[in-house]
Number of protein chains: 2
Amino acid sequence: MLTHAAEDYLKSIYKLQEKGGKVSTGILAEYLDVKPASATGMIKKLKTMKLVRYERYRGVTLTAAGKTVALEIIRHHRLLELYLFKALGVPWDGVHEEAEKLEHVISEDVEARMDEFLGYPTADPHGAPIPDKNGVVIQTDSVPMTELQDGQSCVVAEVSDSDSALLRHIGSFNLYPGTAFRVVEVAPFEGPFTIDIAGQEVVIGREVAKHIFVDKVEDPDNV
Amino acid sequence: MLTHAAEDYLKSIYKLQEKGGKVSTGILAEYLDVKPASATGMIKKLKTMKLVRYERYRGVTLTAAGKTVALEIIRHHRLLELYLFKALGVPWDGVHEEAEKLEHVISEDVEARMDEFLGYPTADPHGAPIPDKNGVVIQTDSVPMTELQDGQSCVVAEVSDSDSALLRHIGSFNLYPGTAFRVVEVAPFEGPFTIDIAGQEVVIGREVAKHIFVDKVEDPDNV
DNA sequence: AAATAAATTTAGGCATAACTAAATTATATC
DNA sequence: GATATAATTTAGTTATGCCTAAATTTATTT
């Protein structure tokens, strides 16, 4: 069986692969809040288990087996987040931390029971897709809010889940996944966004907007 | 923070203290499926943390601080068992194993939310008492079924939770905590028990009966 | 009281997974 | 293309928590 640490490394490699492409030892170490030397050590171990491809100074890649494990852990994490949110009422800025510990520990049986309870959901409380039993992820084509122009209408698709304070802040504007809004004005020179949510005008700073991903809506009247 | 292993040791010392009294290194090691030398090592560590009293060759005792931790873990375990059973439908012979992993990992917040969901319960699915938030345990005066005589009526109070196969077996007779029955006949020479559950006569072997604890009922007509 | 048996402890090792510090390789600059 | 800078790897250390084997202490028996 895999250790929790190994699972965390695989999950992180998967996520970094998604975003950037090449996953270097340094990037991985920074992501996991670990020294590069530690990452090198674990990567070597994962290589002997055939869960990653690796050549020194060249970065890491997941093998098919490694990707399967990574997706399994991500599925656990996101199902747990949604379960804690819906079944136990844990606030959305708290579910990440809790799921981080539970994801390594729940059985497949409990996973299946939560999945059933939740009605086989496809997204967690932050809008991140939940891989299905077979590791299939529904990819969305959402864009960072920072790419929006004046007058553009959209629906919140996803919000980064790691910073609890940021989530509370975003939640205070009701910017949950599924919420529709329209951009009233984008201030020039990398300034903040003024948006209209359900008739209320709200100002969102650029740094915050970077963490909000949206689906553009073509016809505002259809929202 | 304490490691999972340390928590398991404290929990085990508590349980052995409850049953037997003196807790020796050997007994503790056997209970935890570990070599005596390993137990000695951990006991020494726990002593430096002032969680146990210990003098070599003299056995271990929990300090007040150690008892608090032990009860906290036991509370987690039993709340989790009941939660998994009631909220997710995990069969009663499976909840122990699952809770064993989760008990070290859930937050006080989740503990409180499960407690509320369950209506502040006082016993887990096997009838074991759930310590309250302050570590107060309601002690019952149940006796092993093996002490029963012909004609004695009683109610199942508690069943040992560690052996999954045994639990399935006991469950097949419907001998869940709260179930009433009457002893029809105790076979002589350490023989099996014939009992009457809701009009059905069932034979329970002595080895199984040792793991079933009951509350005697004085007046059979009042059950 | 001495000898034997049983329990417990000490001593030394192993695996995991982190760390620091030094050596190496790769990349960027002049 | 040589050199400076940055990234990465190797080597050696630490802490957990387990192990085995040998030494010690306690308990029992004669």
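Here is the naming used below: chain letters follow the sequence lines, and residue numbers restart at 1 for every chain. Excluded from the calculations below are hydrogen atoms, water molecules and symmetry mates; all remaining heavy atoms, backbone and side chain alike, are included.
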Query raised in the report: Under 4.0 angstrom, heavy atoms only, what part of the nucleic acid is A:A37 near: base, sugar-phosphate, or nothing?
Result: base
Query raised in the report: With respect to the phosphate group of D:dT8, does any side-chain polar atom (N or O) of A:Y54 fall under 4.0 Å of OP1 or OP2?
Result: no
Query raised in the report: Would one find a side-chain N or O of A:T25 under 4.0 angstrom from OP1 or OP2 of D:dA7?
Result: no
Query raised in the report: For D:dG17, does either OP1 or OP2 sit under 4.0 Å from a side-chain N or O belonging to B:K35?
Result: no
Query raised in the report: Heavy-atom distance under 4.5 Å between the side chains of B:H169 and B:D163, does that happen here?
Result: no
Query - Separation of atom CE in A:M42 from atom P in D:dT8, rounded to whole Å - result: 18 Å
Query - Pair A:E81 + A:R78, salt bridge at N-O below 4.0 Å - result: no
Requested in this report: Whole angstrom is fine here: how far is it from NZ in A:K44 over to C1' in C:dA15?
Outcome: 16 Å
Query raised in the report: Rounded to the Å, how far apart are B:E55 CD and C:dT10 P?
Result: 13 Å
Requested in this report: Kindly say if A:T40 contacts the phosphate of D:dT10, meaning a side-chain N or O under 4.0 Å from OP1 or OP2.
Outcome: no
Requested in this report: Starting from the C-alpha separation in whole Å, work towards a yes-or-no answer on side chain to side chain contact (heavy atoms under 4.5 Å, CB included) for B:L118 and B:Y83.
Outcome: CA-CA 7 Å; B:L118 294 167; B:Y83 185 83; 4.1 Å; yes
Query raised in the report: Taking CD1 from B:I43 and P from D:dT16, how many angstroms apart are they, rounded to a whole number?
Result: 17 Å
Query - Distance-only donor-acceptor test (3.5 Å): side chain B:Y57, base D:dT24 - result: yes
Query raised in the report: Does a nitrogen or oxygen in the side chain of B:S24 sit under 4.0 Å from OP1 or OP2 of C:dA7?
Result: no
Query raised in the report: Does a nitrogen or oxygen in the side chain of B:S38 sit under 4.0 Å from OP1 or OP2 of D:dC19?
Result: yes
**Report entry** Protein-nucleotide distance (B:L32, atom CG; D:dC19, atom P), rounded to Å
**Finding:** 10 Å
Query - Nucleotide D:dT24, atom P - distance to CZ of B:R56 in whole Å - result: 13 Å
Report summary line: In whole angstroms, the gap separating C1' of D:dT16 from CD of B:E7 amounts to 14 Å
Query raised in the report: Taking the side chain as C-beta and beyond, is there a heavy-atom pair between B:R206 and B:V186 under 4.5 Å?
Result: yes
Query raised in the report: Are OP1 or OP2 of C:dA18 and a side-chain N or O of A:Y9 less than 4.0 angstrom apart?
Result: yes
Query - Length of the line joining A:L28:CG and C:dA17:P, which is rounded to integer Å - result: 14 Å
Query raised in the report: Of A:P36 and A:R58, whose closest DNA chain C nucleotide lies nearer the 5' terminus?
Result: A:P36
Query raised in the report: Would you call A:K15 and A:E18 a salt bridge, taking side-chain N to carboxylate O under 4.0 Å as the test?
Result: no
